[in-house]
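Just so we're on the same page: letters track the sequence lines, and every chain starts at 1.
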Number of protein chains: 2
Amino acid sequence: MKLTSKGRYAVMALADLAKFDNINPVSLRDISLRQGISLDYLEQIFSKLRKKEIVQSVRGTQGGYVLNKKAKEIKLTNIFDAVDEKVKTVQCKKESKKGCNGKSTKCLTHNLWDELENHINNFFEEKSLEDLVKSSNERRI
Amino acid sequence: MKLTSKGRYAVMALADLAKFDNINPVSLRDISLRQGISLDYLEQIFSKLRKKEIVQSVRGTQGGYVLNKKAKEIKLTNIFDAVDEKVKTVQCKKESKKGCNGKSTKCLTHNLWDELENHINNFFEEKSLEDLVKSSNERRI
DNA sequence: ATAAACCTGACTAAAATAGTCAAGTATATA
DNA sequence: TATATACTTGACTATTTTAGTCAGGTTTAT
Ligand code: FES
Ligand code: FES
């Protein structure tokens, strides 16, 4: 089990974005330079974030992206959801007759994965972008 | 983020194993049939479990595998650890100058992934094989 | 002897990941 | 109005990981 770069980058980029006054748009180019993330990849990611209304885009010179909500209201769940970073724990395969087919007979471990999924999602639901920025500022003092 | 089959299978197979009296060895062939997991793949997995002393092997006819400890003492952490299923949340790349290099300058999100890792590992450290078998029996009543 | 079952390492097809590349469109500002 | 900046989209691809398979053993109860 691991996190992929897509989710990681999405959170990094939004944390970067949140650090700035969300009145002035921040360009992806700046984020790319500061965080060392490929610009093209960032564009893919922000395209998804925009569709899920987590950020707003401002086109043209001096354009960029702005948070669409207060940092406090943006939970990690929302971010991961937007970029399709999913915590897929149960894996009931419909094809297989034996063992793990989510039908009437759940496999020995089905409940376990369900519990785990809840456990992780709770974490993501509680953490907001604001928490992130705060903790990164605290460390700097 | 997702779980891979290796970890999932390892837990499934051990849960199956734990359901039986751990005096009589259980053959991988049986587990393979009951749980619908490839025998060859199971052998890879159990080779690792044996090296980490989670199971003991009994060779020869009527042989198989036996738990090496009480089901209560085998935590999911141990299992995942044995099969190299790792919860790799931080990803500080040493090469990259900018952003995410775990050096003196941790990236904005480093703390977050650390917290998450602990959160998940706590779950795995608390759950034992016994818990699993219990909850699967409860459901059957 | 022989069959059951463990043991090991090398190999591989398929999927997912982490991007790149190309060709746009929109708009602030000089 | 020209132009540079920056968003927008979709297709493409190299690399890595995953989920196995395959072949060839060794051990031991019967
Ligand atoms: S995980 Fe759902 S049946 Fe196995
Ligand atoms: S995760 Fe450690 S520096 Fe980014």
Side-chain angles (χ1 to χ4, degrees), chain A residues 1-13 17 24-66 68 80 83-88 91 93 95-96 99-100, chain B residues 1-13 17 24-33 35-52 54-66 68 80 83-88 91 93 95-96 99-100:
Chain A
M1 190 164 64
K2 66 168 198 216
L3 260 118
T4 69
S5 291
K6 194 163 49 174
R8 202 188 313 278
Y9 287 168
V11 177
M12 272 175 84
L17 193 52
N24 305 318
V26 179
S27 73
L28 292 189
R29 191 160 168 284
D30 286 353
I31 296 179
S32 165
L33 290 173
R34 271 196 296 266
Q35 306 297 334
I37 304 171
S38 140
L39 176 59
D40 282 320
Y41 205 21
L42 274 179
E43 280 172 348
Q44 276 183 51
I45 291 168
F46 272 76
S47 166
K48 295 185 178 198
L49 292 175
R50 195 179 58 78
K51 277 174 192 154
K52 290 293 172 74
E53 299 180 342
I54 291 170
V55 295
Q56 268 191 344
S57 67
V58 180
R59 306 188 77 150
T61 320
Q62 306 301 329
Y65 285 91
V66 185
N68 200 23
F80 281 131
V83 298
D84 306 311
E85 184 85 325
K86 37 186 171 286
V87 179
K88 191 176 65 176
Q91 184 76 317
K93 292 178 188 172
E95 327 91 53
S96 63
C100 186
Chain B
M1 191 164 64
K2 65 166 196 220
L3 261 117
T4 69
S5 292
K6 195 163 46 172
R8 203 190 311 279
Y9 287 167
V11 177
M12 272 175 86
L17 193 51
N24 305 316
V26 179
S27 73
L28 292 190
R29 193 161 167 284
D30 286 352
I31 297 179
S32 165
L33 291 173
Q35 306 297 334
I37 304 170
S38 141
L39 176 60
D40 282 320
Y41 204 22
L42 273 178
E43 278 172 351
Q44 276 184 51
I45 291 168
F46 272 76
S47 166
K48 295 185 177 198
L49 293 174
R50 194 178 59 78
K51 277 173 192 155
K52 289 295 172 71
I54 290 169
V55 295
Q56 268 192 343
S57 66
V58 180
R59 305 188 78 150
T61 321
Q62 306 302 327
Y65 285 92
V66 185
N68 200 23
F80 281 130
V83 299
D84 306 311
E85 183 84 328
K86 36 186 172 286
V87 178
K88 192 176 66 173
Q91 182 76 319
K93 292 177 189 172
E95 326 92 53
S96 64
C100 186

Length of the line joining [X]:[atom1] and [N]:[atom2], which is rounded to integer Å:
X: B/D40; N: C/dG9; atom1: CG; atom2: C1'; answer: 12 Å
X: B/K48; N: D/dG20; atom1: NZ; atom2: C1'; answer: 13 Å
X: B/N24; N: D/dA29; atom1: CG; atom2: P; answer: 15 Å
X: B/Q62; N: D/dT28; atom1: CD; atom2: P; answer: 15 Å
X: B/M12; N: D/dA19; atom1: CE; atom2: C1'; answer: 15 Å
X: B/R8; N: D/dG20; atom1: CZ; atom2: C1'; answer: 15 Å
X: B/L39; N: C/dT8; atom1: CG; atom2: C1'; answer: 14 Å
X: B/D84; N: D/dT17; atom1: CG; atom2: C1'; answer: 13 Å

Measure from the side chain of [X], starting at C-beta and using heavy atoms only, and say which of [options] lies closest.
X: A/Y41; options: D/dT9, C/dA18, C/dC7; result: C/dA18
X: B/S38; options: D/dT8, D/dG20, C/dC6; result: D/dG20
X: B/S5; options: D/dG20, D/dT27, C/dG24; result: D/dG20
X: A/Q44; options: D/dG20, C/dC21, C/dG19; result: C/dG19
X: B/R59; options: C/dC6, D/dA29, C/dG19; result: C/dC6
X: B/K2; options: C/dA18, D/dT9, C/dA16; result: C/dA16
X: B/R50; options: C/dT25, C/dC7, C/dA4; result: C/dC7
X: B/T61; options: C/dA4, C/dG19, D/dA19; result: C/dA4

Task: A/S47 vs D/dT9: side-chain N/O to OP1/OP2 distance below 4.0 Å - done: yes
Open item on the list: Taking 4.0 Å as the cut-off, does a side-chain nitrogen or oxygen of B/S27 come that near to OP1 or OP2 on C/dA4?
Closed with: no
- [ ] Could you give me the CA-CA distance, side-chain angles and deciding distance for B/Y65 and B/L42, then say whether side-chain contact (heavy atoms from CB on, under 4.5 Å) is met?
- [x] CA-CA 12 Å; B/Y65 285 92; B/L42 273 178; over 6 Å; no
Open item on the list: Over all strands shown, is B/Y65 touching base, sugar-phosphate only, or nothing at heavy-atom distances under 4.0 angstrom?
Closed with: sugar-phosphate
TODO: Measure the CD-CZ distance between B/Q35 and B/R8 for me, rounded to the nearest 0.5 Å.
DONE: 13.0 Å
Task: Any donor-acceptor pair under 3.5 Å from B/E85 side chain to B/T4 backbone - done: yes
Open item on the list: I'd like to know if the side chain of B/S32 and the backbone of B/I37 have a donor-acceptor N/O pair within less than 3.5 Å.
Closed with: yes
Task: B/I31 and B/Y9: CA distance, side-chain angles, deciding distance, side-chain contact (heavy atoms from CB on, under 4.5 Å) verdict - done: CA-CA 10 Å; B/I31 297 179; B/Y9 287 167; over 6 Å; no
Task: Nearest heavy atoms of B/V66 and B/L17, plus distance in Å - done: C-CD2, 4.5 Å
Task: Most 5' of B/G63 and A/G60 on DNA chain C, judged by nearest nucleotide - done: B/G63
Open item on the list: Between A/T4 and B/F46, which residue's closest nucleotide on DNA chain C lies nearer the 5′ terminus?
Closed with: B/F46
